[in-house]
Amino acid sequence: MTQNILEIKDLHASVEGKQILKGLTLTVAPGEVAAIMGPNGAGKSTLANVLAGRPGYTVDSGSVSYLGQDLLALEADERACAGVFLAFQYPVEIPGVNNTYFLRAALNAQRRSRDEEELDSMAFLKLVRARLKALHITDDLLHRAVNEGFSGGEKKRNEVFQMAVLEPRLAILDETDSGLDIDALKIVADGVNELRSSERGFVVVTHYQRLLDHIVPDTVHVLMDGRIVKSGTSDLALRLEKEGYAWIQEELAA
Amino acid sequence: MSLIEALLSTAPDATAGWWQPSREAHRVIVERHGLPDRRQENWKYTALRPIEGHRYQAPEQGVLQPEDLAELLDANGVPQLTGSRITFVNGHYAPALSHVDDVAGLKVRALSQLGDAEAASASAELATEFSRPDEGFAALNTLLASDGVLLEFSGTTHADGQDMATAPVVELLFVDVPGATPAATAVRNIIKIGPGASLSLLERYVSAGEGVALINSLSQVELEAKSRLSHVRLPLLGEERSLISRLDVRLGEGSDYRCFGLDLSGTLVRHDLNVAMVGRDAQASLNGVYAPRGKTHIDNHVAVDHRVPDAVSSQAFKGVLSERSRGVFNGKVVVQEGADGTDASQSNANLLLSPDAEIDTKPELEIYADDVKCAHGTTVGALSGDQLFYLTARGIPEVEARRMLTTGFCREVLEGIPVESVRDHAISLLTDHLQDIQA
């Protein structure tokens, strides 16, 4: 049996003293796209941020194993170097830091951690061009400061582009569909689909089914009140879209 | 010995006759007012204590050979730039270290070399009276200046929209080489850009060796109608050097002045940048970056005076303060009665990287006209946790991420320098400086 990409067991986590995750258990196998759905306030973004190591999120108990190692013992940059990637719900604008420069620094930091040789700017540019081509996106984002003045769609496109360059083993997409019109959504989804592979796992956090029309998940998990309360296939997402979450609550109460 | 007594003792013995009456007039002013102190509003946050207590002397001249200079510039990471360079060592013109390109309409001379007839075009500036109690250093400059440049450019009229990047470049290089005793020097520069001419000016200060030095620099700049000047100021000061500089700029109709300052070091640095909009449709873009560390104190006082309608001015200053350093920013905008259609903006953003660092920042707006656009904004903060997480979440180690953010924060300001080689030089000075700062 191949090793799971991610194994979360009975995870409890809190933000500013408030408990948000209350015993979450989830497994992601290689090649799997796992969708996490749930109503507002269920803890979806908290899960994404806890996995990426964002400061301010406290793990109270439980474990997270990533490719067999203790993910929670690593700092945010170490997690990234180990192959964890978070596509941000709200990508941050960083004036004064060029997008290409930033991405090369990130890739080279990751390569250093794997004892691989750093890429010079020529080699890096070649790689970038190849990725852009594969994702069918233009290079206009490269020359600007990181996310500065980007539209909502451009920001999310930039996230997917970074993912394509950094080639993570585990990609976590935090509400990647929020704030996107249908055309932008399609570009982003196509990019993600391009990156699906048998080596890579995805955790796709979303509030709406519509993203899952384009990124068809292998498994769908319902997150309510800090726990996964129901799991199924993409049919589950369709039912949630039609009927909302009330029926699950009723099921749980029964 | 008080600071003023010490400085007065450095007065030059003999100077050009045409300059003498103004010097004498300013001796009277200096004796009346002395130097400014913290009771004056303009000096409230900058005490002179760091430069007091030294027995200043006028340093020797002629102490630097061309090969010394080449070595010194190399050691300071100063690249060879194309264009003219006029060099002053310890406040005295150094002809062997200077060359002026053959550019039509460009006249660059040292004040000490001017004959009586030529001196006429500098006489109005040298006779300018600095009689306010808070401008003692300017009065002292007139009295003490050993030399300086008279730069006149009436060169080729630029085509509208022509890139400033291609204007001729002139560098004013001031090297200080103090000896065993603390050195005080004063230089005076007069810069006149003729109608329609475009010039790029680089004003650089470089310190050689160890020792205490105090430099008093005063420049008077006149932009005639539709002329353009980009002015980059890089004081690469040694740890024990201090610089008191004043820059008075007058902008004629439709002229365009862009100034960029980068202050990283020294004991005490004070800039007074006074810009008068005297012609309609003039544009002034005033920019600065300061990143003091250790106990360095850097004070930028900017004052823009809109005297006529329809002129545009902007001030953009950014500071990164670490260790026990201090910064002061005072940005003043005056819109005089009748100066309608003025568009004046001002921003000052600061990163405080240490609990022991301090910034005092103050916008001052005085508006006497009705139809005016004035915007100002000031921020003081630490690095953004969200930005930091974004970078580290991509694998960049925290120390490197902090450095990228700090550099990026102020780099923006320097991106506007029109001449590429100068821009790259300024940005690399900044990057190197921030390299080992504990963010």
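Since the structure is predicted, the reported quantities are computational estimates derived from the model, not experimental observations. Sequence lines set the chain letters: A, B, ... in the order given, protein chains first and strands last, and positions in each chain run from 1.
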Checklist outcome for this item: Okay, A:R79 and chain B: the region with an atom under 4.5 Å from a heavy atom over there is neither

Checklist entry - Top residue by heavy-atom pair count (under 4.5 Å) with chain A, among B:T407, B:L391, B:V413? => result B:L391

Checklist entry - Under a 4.5 Å heavy-atom cut-off, does chain B meet the side chain of A:E93, its backbone, both or neither? => result backbone

Item to check | Any side-chain heavy-atom pair of A:N49 and B:F389 under 4.5 Å | outcome: yes

Checklist entry - Between A:R54 and B:D386, what is the shortest heavy-atom contact and its length? => result NH2-OD1, 2.8 Å

Item to check | Value rounded to 0.5 Å, distance of CG in A:N98 from CD in B:E415 | outcome: 8.5 Å

Item to check | OH (A:Y90) with more than 12 external heavy atoms under 6.0 Å | outcome: no

Checklist outcome for this item: In terms of heavy-atom pairs under 4.5 Å with chain B, the winner among A:G53, A:A106, A:P55, A:A109 is A:A106

Next on the checklist: Looking at A:Q19, I'd like to know if its CD atom is crowded, meaning that more than 12 non-hydrogen atoms belonging to other residues, nucleotides or ligands lie closer than 6.0 Å.
Outcome noted: yes

Checklist entry - Under 3.5 Å, is there a donor-acceptor pair linking the side chains of B:Y390 and A:N147? => result yes

Checklist entry - Any side-chain heavy-atom pair from A:D77 and B:I396 closer than 4.5 angstrom? => result no

Checklist entry - So with a 6.0 Å cut-off around CZ of B:R324, is the heavy-atom count from everything else above 12? => result no

Checklist entry - Any idea which of A:A76, A:C81, A:P91 has the most non-hydrogen atom pairs under 4.5 angstrom with chain B? => result A:A76

Next on the checklist: For B:K332, I'd like to know if atom NZ has over 12 heavy atoms of other residues, nucleotides or ligands within 6.0 Å.
Outcome noted: no

Next on the checklist: Within a 6.0 Å radius of atom NE2 on A:H207, are there more than 12 heavy atoms belonging to other residues, nucleotides or ligands?
Outcome noted: yes

Checklist entry - Does B:R394 make a cation-pi contact with A:F85, if we ask for NZ or CZ under 6.0 Å from the ring centre and within 45° of the axis? => result yes

Checklist entry - What do you reckon, is CD of B:Q435 surrounded by more than 12 foreign heavy atoms closer than 6.0 Å? => result yes

Next on the checklist: Counting only heavy atoms not in A:Y101 (residues, nucleotides, ligands), do more than 12 fall under 6.0 Å from its OH?
Outcome noted: no

Item to check | Under 4.5 Å from any heavy atom of chain B - which part of A:L86 | outcome: both

